[in-house]
Each structure stands twice: as structure tokens, then as C-alpha cells.
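When a ligand or atom number is given, it counts from 1 through the structure's own listing order. Side-chain atoms are counted along with the backbone in the values below, which use heavy atoms only and exclude waters and symmetry mates. All residue numbers in this chain count up from 1 along the given sequence. None of the values given here were measured: they were computed from a predicted structure.
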Amino acid sequence: MAMNSLYDIDLSGKYVLLRDDFNVQIVDGKITDLFRIESSKKTIDFLVNHGAKVVICSHFGRPNGQVDKDLSLKFVADFLHIPFIPDCLDKSFLSNMKNGDVVLLENLRFYTGEENNDDDFAKKLATGFDLYINDAFAVSHRKCASIIGITKYLPAYPGFLLLYEIENLTNILQNTHKPLFAFIGGAKISTNLGLLKKLVTIADALIVGGGMGTTFAYSHGYNVGNSLCEKNMVDVVLEIESIAQQHNCQIFYPLDKGVGENFDKNATRENRSIKNIYDTDVIMDRT
Ligand code: 3PG
Ligand code: MG
């Protein structure tokens with residue numbers, strides 16, 4: 001796939017809209033995992049060092065188009081020690097930016113236009129910028145305005161994190177070394193469908209954990225109580241298993257569970273076999 005390269009352009013003085021994924025986990029007001037923020041620094045530093053005026057945008061949580069102060073991105077701006085713009089469609093600050101400046105916009109998902117990939121929202125978001133960079137691999141499967149619609153209005157470039165993720169994935173899928181064991185976790189089979197179907201054709205074994213593992217267990221008739229589970233994915237699970245069988249790939253999912261009475265970090269853990277999950281149990285597998 002041919003892509004534009006940041007190395008080919010003069011970035012000095014250019015207004016750059018940089019899409020990052022700062023959808024990080026917060027517990028008691030503290031960021032618990034800095035991976036996403038730290039991984040985005042390479043592109044930010046490159047842009048700063050080349051004199052661009054960098055405006056970062058991101059989503060955080062799922063506010064469904066409503067302003068929700070608990071889902072403000074201000075904490076990330078504070079963490080990065082950069083100015084925060086409380087409305088992602090406000091452009092008044094642009095004229096005050098100097099080369100090498102970096103600011104962060106408020107949560108894109110405070111507008112319904114973001115998640116609906118609304119053309120008018122994408123156009124407004126693009127206004128005032130010279131180019132757009134996608135460095136938000138983790139949300140690039142979503143058809144939203146800051147990922148898809150925006151590319152109609154600005155020349156689009158991949159950031160270094162996006163390139164790194166694509167390179168890794170391509171390497172795994174194309175240069176497979178046997179034996180290959182693939183581990184996958186996360187909440188939803190529905191958003192990882194293509195990857196799961198591909199992995200079972202190249203791996204010797206697929207180990208499925210997290211919410212997806214629970215959906216596999218549910219598809220085999222186990223009670224999963226009140227756990228995170230995509231109950232409408234049973235046919236899909238069976239299809240993935242059938243593809244796996246054709247390619248001699250074994251699928252494993254956890255049968256020993258850590259459960260609690262609700263999805264809360266303070267919930268009391270009980271260890272149970274998947275055969276003994278009660279209707280009120282929530283599988284969390286926390287340590
Ligand atoms: C993620 O955390 O998986 C990405 O940021 C995408 O978030 P979403 O599932 O709310 O679209
Ligand atoms: Mg995700």
C-alpha cells in the first residue's frame with residue numbers, strides 16, 4: 001500500500017492536525033498505562049523538531065456526542081505540559097501558534113459528528129490546517145470523522161506509530177515462522193473479526209483471553225453470568241473454529257476464572273471453574 005511520507009514534505013510553519021489515540025485507562029484520577037501516550041511521542045517530537053505547529057486531537061471514552069466533564073482530555077494535556085483547547089472545533093488559537101508549538105484539543109466524541117463520520121464535522125475539524133496525520137492505529141478501524149471524513153479535506157500522512165503497527169502486523173501475517181502461537185485479548189470479537197479469521201489460517205494455536213475468551217466459552221454452552229460477552233457472536237465463533245479446523249489451528253480459551261459480584265476493582269475475587277459460574281457472577285480475571 002503506497003502512503004505519503006512525512007520525510008517528503010517541508011513541515012516548517014505548517015499547521016498539522018495530528019490524530020492520536022489517548023484513550024488511556026484512568027484509575028482514581030491517575031493514568032495507569034502510559035503506553036499509548038509514550039508511543040505517540042516519536043511523531044510529536046519529529047513534528048516539533050521540523051517546526052510544525054502541532055494540534056493533537058483524540059477521543060476518550062464513549063460520551064456519545066455529549067459533553068461529559070469526566071471524559072475531558074485535559075488530564076492528558078496537563079500530563080504532557082501542553083496547552084489545552086476546550087472545544088475541538090475552536091480555531092481561534094491557531095493564529096497565536098509558533099513553529100514547534102503543540103496543543104491538545106478536547107475530546108472529539110463530545111460531538112455526534114465525530115462518531116457519525118459527519119461530512120460537515122470533518123470539514124469544520126479540517127479548517128485551518130495544512131495537513132493531517134493519523135497516528136491512532138487503535139481506533140483506525142472506526143469509521144469516524146477524524147479518521148475517515150477528514151481525509152477528504154486534508155492531505156493525509158501516516159504517523160510513525162501507525163507505520164510501526166502496520167509493519168509489525170504485516171510482518172506477522174506475511175513472514176510467518178512456525179510454530180506460531182497467537183495470543184489475543186480484548187472486549188470484542190466483532191471488531192477483531194478479520195484478524196481472528198486470518199490468524200487461524202496461519203497459527204498453530206490461537207489463545208483467546210479477555211472478553212473474547214468469555215464469548216468463546218459462552219458459544220460452547222457455558223454460563224457466563226453477567227460478564228462482558230458478545231452473545232450475538234456465537235455463529236461467528238463457530239465459523240472461526242471451523243476455519244481453524246480446516247487449517248489445523250487449535251483454539252484455547254480460559255476455563256478457570258476469577259469472578260466478582262460486580263465489575264469493580266474492589267470486588268472480592270473468587271476463583272471458579274467456568275462450569276460453576278452463577279448468574280450474578282462477573283468474570284474479570286483480575287489478579
Ligand atoms: C480503544 O481503546 O480500543 C480505541 O481507542 C477505540 O476505542 P472505542 O472502542 O471506544 O472506539
Ligand atoms: Mg480497542
Is the number of heavy atoms from other residues, nucleotides or ligands within 6.0 Å of CD (Glu261) greater than 12?
yes
Would you say the ring centroid of His50 lies under 6.0 angstrom from that of Phe46?
yes
Are Arg36 and Phe137 in a cation-pi setup, meaning NZ or CZ lies under 6.0 angstrom from the ring centre and within 45 degrees of the ring axis?
no
Would you call Lys123-Asp119 a salt bridge at under 4.0 Å N-O?
no
Report the residue from Arg19, Glu114, Glu115 that forms a side-chain hydrogen bond (donor to acceptor under 3.5 Å, both in side chains) with His59.
Arg19
Please check if atom CD in Gln66 has more than 12 non-hydrogen atoms from other residues, nucleotides or ligands closer than 6.0 Å.
no
Within the 4.0 Å heavy-atom sphere of ligand 1, strictly under, residues
Asp21, Asn23, Arg36, His59, Arg62, Arg109, Ala138, Val139, Arg142
